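Inspection log for the structure reproduced underneath, given as structure tokens.
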Amino acid sequence: MAEEILTAETRLVGKEAARLDAVAKVRGQARYADDLSFPGMLFVKAIRADRPHARIITLDLSWAERHPRVVCVVTPEDIPGENVVPVIYRDMPLLAVGVVRYVGEPLALIGAETPEAAEEAAALAQVTYEDLPAVLDPLEAIREGAPQVAVPEAAEAGNIFTHMVIRKGDAERGFAEADVIVEGEYRTGYQEHAYLEPQGVIAVPEEGGMAIYGTLQCPFYVQNAVAAVLGLPLSKVRVVPTATGGGFGGKEDVPSQLAAMAAVVAAKSGRPAKLVYDRAEDIISTSKRHPGVIRYRTGTKRDGTLVAVEIEFYYNAGAYQTLSSAVLWRALVHAPGPYRIPHVKVDAYSVATNTVPCGAFRGFGSPQVIFAHESQMDELAGRLGMDPLELRRKNALREGDETATGQVLTESVGLPQAIERAAELCGWKGLRREVDEFNRQKKFRRRGVGISTVMYGVGMGAKAPLLDKAGAYLKLEADGSVTVAVGNTEMGQGATTVLAQIAAETLGVKLSDVQLAPVDTSRVPDSGPTVASRTTTVAGAAVLDAARKLRARVEAAARGFFGVDEVEISDSQVWPSGEPGKAVPLSEVAHWMWVHNWDLGATGWAEGAPVDWDPDTGLGKAYFVYAYACHIAEVEVDLLTGEVHVRRFWAVHDSGRIVNPALARGQVAGGIAQGIGYALMEELKSEGGRIVAPSFTAYHIPTSMDVPAEFVIEFVEAPYSGGPYGAKGLGEVPLMAAHAAVANAVSQATGGRLREYPALPERVLELVEGA
Amino acid sequence: MRIKFVFNGREIEVETHPGRRLIDLLRADLGLTGTKEGCGEGECGACTVLVDGKPRLSCLTAAIQAEGREVLTIEGLRENGGLHPIQRAFVETAGVQCGFCTPGFIMATYALLKENPDPTPEEVRAWLSGNLCRCTGYQQIVEAVLLAAKYLRGDALRVTRNEKTP
């Protein structure tokens with residue numbers, strides 16, 4: 001990206017434009033998956049295993065088939081293509097054959113004329129099992145003699161799906177040089193995405209193939225999965241995302257499974273087939289954040305300079321690989337934190353157990369290790385008698401530094417500025433004094449202030465660079481309006497608005513003249529998955545590329561139109577340079593181009609800058625650029641009840657140039673709320689491999705009363721030369737930073753050390769008593 | 001059985017049965033899908049509609065309870081054919097992200113502002129605590145409600161918003 005774009009005056013980029021989809025949403029006109037119907041549509045219900053590990057002896061669907069409103073029943077033999085949900089590996093069947101590996105695994109499908117009939121018929125299925133020994137805990141699953149859960153071809157050894165390492169410097173030597181060493185084990189549980197719209201898809205047979213409508217993040221993944229189960233070429237499957245009511249990673253790979261199920265029912269019956277989960281089915285059967293057991297040892301010099309870290313962690317992947325190897329890789333790279341550390345040793349394991357497969361969730365494996373590294377930093381600060389902010393300031397990565405994977409950061413490192421700005425906004429020293437004063441005065445209430453600093457590798461990174469590409473197509477309509485087509489989805493994050501701003505800025509048109517085309521895999525360029533906080537950066541760069549080409553063409557035409565050597569375009573007006581009085585609306589030039597047979601379309605392409613990685617040492621250029629954040633939380637703990645309330649919150653982010661500050665603030669505030677939930681509230685209980693009480697009655701996410709009344713959100717913008725107008729990713733970072741700041745605040749308030757999420761009242765009381 | 005009620009300002013008569021939920025009557029039988037189902041057990045508030053001006057969870061309300069009453073859903077909320085001031089405020093403050101919870105929040109806000117035209121931020125937070133949102137962290141929703149209150153009181157013909165959060 002040219003240097004001038006980083007410093008250019010902008011009309012629209014950096015401005016608080018209203019969301020393009022907001023009006024439809026406030027009117028109730030946006031169409032989500034369950035809002036769509038098709039003539040003759042069937043309703044699908046999955047028959048699911050109720051054993052964590054068992055051989056299927058018989059599967060009797062004769063009663064279900066006799067239900068008067070059942071139209072078809074689908075078993076593995078009815079799958080026309082391959083019985084698989086392809087993700088990274090191909091170990092997960094669409095419908096279990098022979099063996100079930102987790103409670104909730106689909107066995108067969110019912111297609112019925114009403115949702116009630118589908119449900120009734122599913123309940124009539126008779127399944128007999130022979131139970132096999134089940135293993136639910138990852139540490140038990142790696143013991144010798146543990147029952148084999150993992151499909152052997154998908155695992156490195158036994159139940160270890162994947163083991164990855166970083167070996168930088170010499171950790172032993174590092175610890176020998178350290179003056180202070182802290183050590184700890186940290187545990188985190190499941191986190192449920194709790195997107196407000198449950199999963200849902202509709203498969204509609206059409207000439208020659210299948211169309212899929214649904215709530216989803218990755219239309220091209222779904223296309224691939226449906227083609228595989230139907231045995232169709234990709235060209236015969238098209239995927240059309242509906243309005244999507246939240247994703248957070250939960251609609252990355254899971255919709256492939258739903259779409260494949262609906263598609264096989266639609267293929268067998270020849271009728272449209274809708275599969276929409278209720279909340280309970282959604283919680284039981286879909287991906288979650290991996291529970292983790294995480295061990296850290298960190299050493300510093302007397303002055304607080306970090307010298308060595310040794311990390312070992314185990315993530316519970318569930319019964320199948322799905323995205324776990326990718327999640328583990330991000331966790332590996334992010335485990336040492338945003339610090340300069342010469343000696344690093346990391347061993348990361350993802351382990352198969354007889355539980356529902358875990359997957360992508362905002363932060364993608366990093367929040368678990370961030371809890372640990374930020375706790376270690378505070379424990380070190382305590383041992384050193386050093387201010388925790390000072391310790392971070394001292395070790396935070398700066399431009400020119402080397403990361404834990406040996407990557408030299410050559411640009412766009414806004415972490416030091418983020419720390420300074422956060423400290424300034426909250427008045428760090430004064431705030432700490434205020435809290436101490438409060439704690440001296442109150443008998444049964446304690447306040448605490450916590451800080452966290454994080455880094456985030458934008459995009460897919462060096463393990464899957466093949467996915468970090470994006471195409472875009474722009475079309476100037478004959479009336480001067482503009483259509484933008486990309487394959488990324490709008491799930492609430494604001495992508496369509498931000499991409500439209502980039503297009504309008506670059507073309508010199510009004511934002512109101514730009515419309516994003518509805519995504520349909522048969523009609524939009526492949527711009528990769530809508531994940532990894534990559535859309536603004538990578539798809540935005542593709543839109544920018546297309547817009548520049550189109551603008552150059554419009555300028556060439558306008559020169560002919562005016563008969564001059566140079567023209568200017570801004571705000572949908574075109575004029576000969578230096579003669580703004582002669583301006584005409586762009587619509588006139590566009591119409592002239594149409595009449596004179598100009599090509600009004602342009603394609604754009606972007607790829608992430610090259611990355612590399614050595615699997616033996618874990619060293620290399622892991623990501624093309626990083627985003628950073630510093631969060632500070634103030635909490636108040638009731639010492640009698642153990643309840644924690646987050647009083648105030650300060651968040652400063654470096655995500656490069658912010659394209660739309662109002663939307664960016666919203667994403668940060670939402671991530672903070674999700675982080676507060678992760679640290680304090682969200683606990684998904686399971687017994688014997690069964691998730692107990694799968695509902696919002698038992699699984700509490702933050703309400704408007706659980707978030708602080710005072711949020712201060714700011715951006716320090718360290719522009720990235722490879723991003724459109726200097727933009728980097730933002731989406732995942734706020735959650736990653738927020739929970740750790742809250743956790744450190746709880747520890748500070750109680751005088752104990754929180755080592756397990758969530759900090760429910762009983763756990764907080766233990767901290768208070770143990771302090 | 002047939003029931004009669006005023007639906008979004010118009011009297012209608014529909015066939016239903018005692019086991020039918022109000023949300024199914026609205027979405028499936030009347031075909032208006034603006035009212036959303038997020039949990040089906042009254043925990044998330046996405047299905048909030050107004051019955052005689054009071055917020056009701058349509059997933060826990062029997063359709064026959066609409067008999068003789070006035071039911072207002074997101075589709076019935078408009079002013080002079082355009083956006084209602086509450087809807088406008090949600091657009092202007094970026095109080096909408098994925099939008100799935102939005103109709104429920106807007107209907108709950110409508111009921112709040114009828115009852116209390118000048119709520120404090122604390123009152124807004126307390127009133128909306130039965131509506132879950134997973135995207136926004138509630139900040140811009142609270143801003144939207146306070147802005148809508150100003151619009152409805154008529155003391156905000158031109159509201160200029162701060163560039164930064166307070």
Side-chain angles (χ1 to χ4, degrees), chain A residues 16 18-19 21-32 34-37 193-198 243-248 278-280 490-494 660-663 665-674 676 695-697 701-707 709-714, chain B residues 27-28 31-44 46 73-75 77-78 83-84 86-104 106 121-122 124-142 161 163-166:
Chain A
E16 302 202 338
R19 298 178 64 100
D21 55 356
V23 169
K25 285 175 172 175
V26 298
R27 283 186 158 147
Q29 290 171 340
R31 295 277 171 263
Y32 298 81
D34 197 25
D35 300 341
L36 296 183
S37 289
H193 301 89
Y195 29 66
L196 262 285
E197 182 202 19
T244 292
F248 316 112
D278 64 16
R279 186 57 60 180
E490 173 59 63
M491 54 180 141
Q493 84 280 39
N660 187 323
L663 270 53
R665 278 204 308 278
Q667 257 194 336
V668 173
I672 292 170
Q674 235 169 22
I676 289 171
S695 73
F696 285 156
T697 314
I701 65 169
T703 71
S704 49
M705 301 293 279
D706 298 311
V707 295
E710 193 180 334
F711 265 84
V712 179
I713 295 165
E714 275 202 19
Chain B
R27 289 178 53 87
L32 291 186
T33 56
T35 304
K36 303 301 179 197
E37 181 166 355
C39 72
E41 52 180 24
E43 289 288 342
C44 78
T73 69
I74 192 73
E75 290 90 349
L77 199 65
R78 52 181 57 228
L83 291 183
H84 186 276
I86 298 174
Q87 294 170 317
R88 195 148 48 94
F90 270 76
V91 172
E92 288 172 3
T93 62
V96 179
Q97 288 189 28
C98 86
F100 198 78
C101 71
T102 306
I106 288 177
E122 293 70 34
V124 172
R125 284 176 186 280
W127 182 273
L128 296 179
S129 63
N131 290 73
L132 296 178
C133 168
R134 193 58 154 170
C135 298
T136 63
Y138 305 100
Q139 302 305 304
Q140 283 155 316
I141 290 178
V142 175
R161 292 185 50 247
E163 282 287 299
K164 303 240 184 309
T165 32

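On a predicted model such as this, the values are computed, not experimentally measured, just so you know. Atom set for the values below is all heavy atoms of this structure, side chains included, hydrogens, waters and symmetry mates excluded. Sequence lines set the chain letters: A, B, ... in the order given, protein chains first and strands last, and positions in each chain run from 1.
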Proximity breakdown for B/Gln87 and chain A, heavy-atom pairs closer than 4.5 Å: both
From CA spacing to verdict: salt bridge (charged side-chain N to carboxylate O under 4.0 Å, His left out), A/Asp35, B/Arg27: CA-CA 8 Å; A/Asp35 300 341; B/Arg27 289 178 53 87; 2.8 Å; yes
Side chain A/Glu197, main chain B/Phe100, donor-acceptor under 3.5 Å: no
Proximity breakdown for A/Arg19 and chain B, heavy-atom pairs closer than 4.5 Å: side chain
Any donor-acceptor N/O pair, A/Arg27 side chain to B/Glu75 backbone, under 3.5 Å: no
Backbone N/O of A/Ala662 and side chain of B/Gln140: donor-acceptor pair under 3.5 Å: yes
Best-contacting candidate, A/Ala243, A/Ala30, A/Pro702, against chain B by heavy atom pairs under 4.5 angstrom: A/Pro702
Side chain to side chain contact (heavy atoms under 4.5 Å, CB included) assessment of B/Gln139 paired with A/Phe711: CA-CA 8 Å; B/Gln139 302 305 304; A/Phe711 265 84; 2.6 Å; yes
Structural part of A/Asn660 lying under 4.5 Å from a heavy atom of chain B: neither
Contact origin within B/Leu83 toward chain A - heavy atom pairs under 4.5 Å: both
Minimal non-hydrogen separation, B/Cys135 against A/Phe248, with atom names: SG-CZ, 3.8 Å
Interface residue of largest heavy-atom contact number with chain B, from A/Ala18, A/Gly246, A/Ala22, A/Ala194, under 4.5 Å: A/Ala194
Distance in Å, B/Thr93 OG1 paired with A/Arg665 CZ, rounded so as to fall on 0.5 Å steps: 10.0 Å
Gap between atom CD of B/Glu122 and atom CE of A/Met705 - 0.5 Å precision: 9.0 Å
Option from B/Val96, B/Val91, B/Ile74 for which side-chain contact (heavy atoms from CB on, under 4.5 Å) with A/Lys25 holds: B/Val96
Shortest non-hydrogen contact from A/Gln667 toward B/Gln97: N-NE2, 3.7 Å
Interatomic spacing from OG1 in A/Thr703 to CG in B/Asn131 - rounded to 0.5 Å: 10.0 Å
Selection from B/Glu37, B/Arg78, B/Glu41 maximising heavy-atom pairs under 4.5 Å formed with chain A: B/Glu41
Under 4.5 Å from a heavy atom of chain B, the part of A/Ile701 involved: both
Closest contact, heavy atoms only, A/Phe696 versus B/Cys39: CD1-CB, 3.9 Å
Chain B contacts, top residue of A/Gly28, A/Gly247, A/Gly245, A/Gly666 (heavy-atom pairs, under 4.5 Å): A/Gly666
Over all atoms of both residues, closest heavy-atom pair of B/Cys44 and A/Leu196: CB-CD1, 3.8 Å
Atom group of B/Thr102 that falls short of 4.5 Å from chain A, counting heavy atoms: side chain
Leading residue by heavy atom contact count with chain A [cutoff under 4.5 Å; candidates B/Gly137, B/Gly34, B/Cys98]: B/Cys98
Side-chain donor-acceptor contact under 3.5 Å, B/Glu43 with A/Ser695: no
B/Arg125, part contacting chain A, at a heavy-atom distance under 4.5 Å: both
Under 4.5 Å from a heavy atom of chain B, the part of A/Thr244 involved: backbone
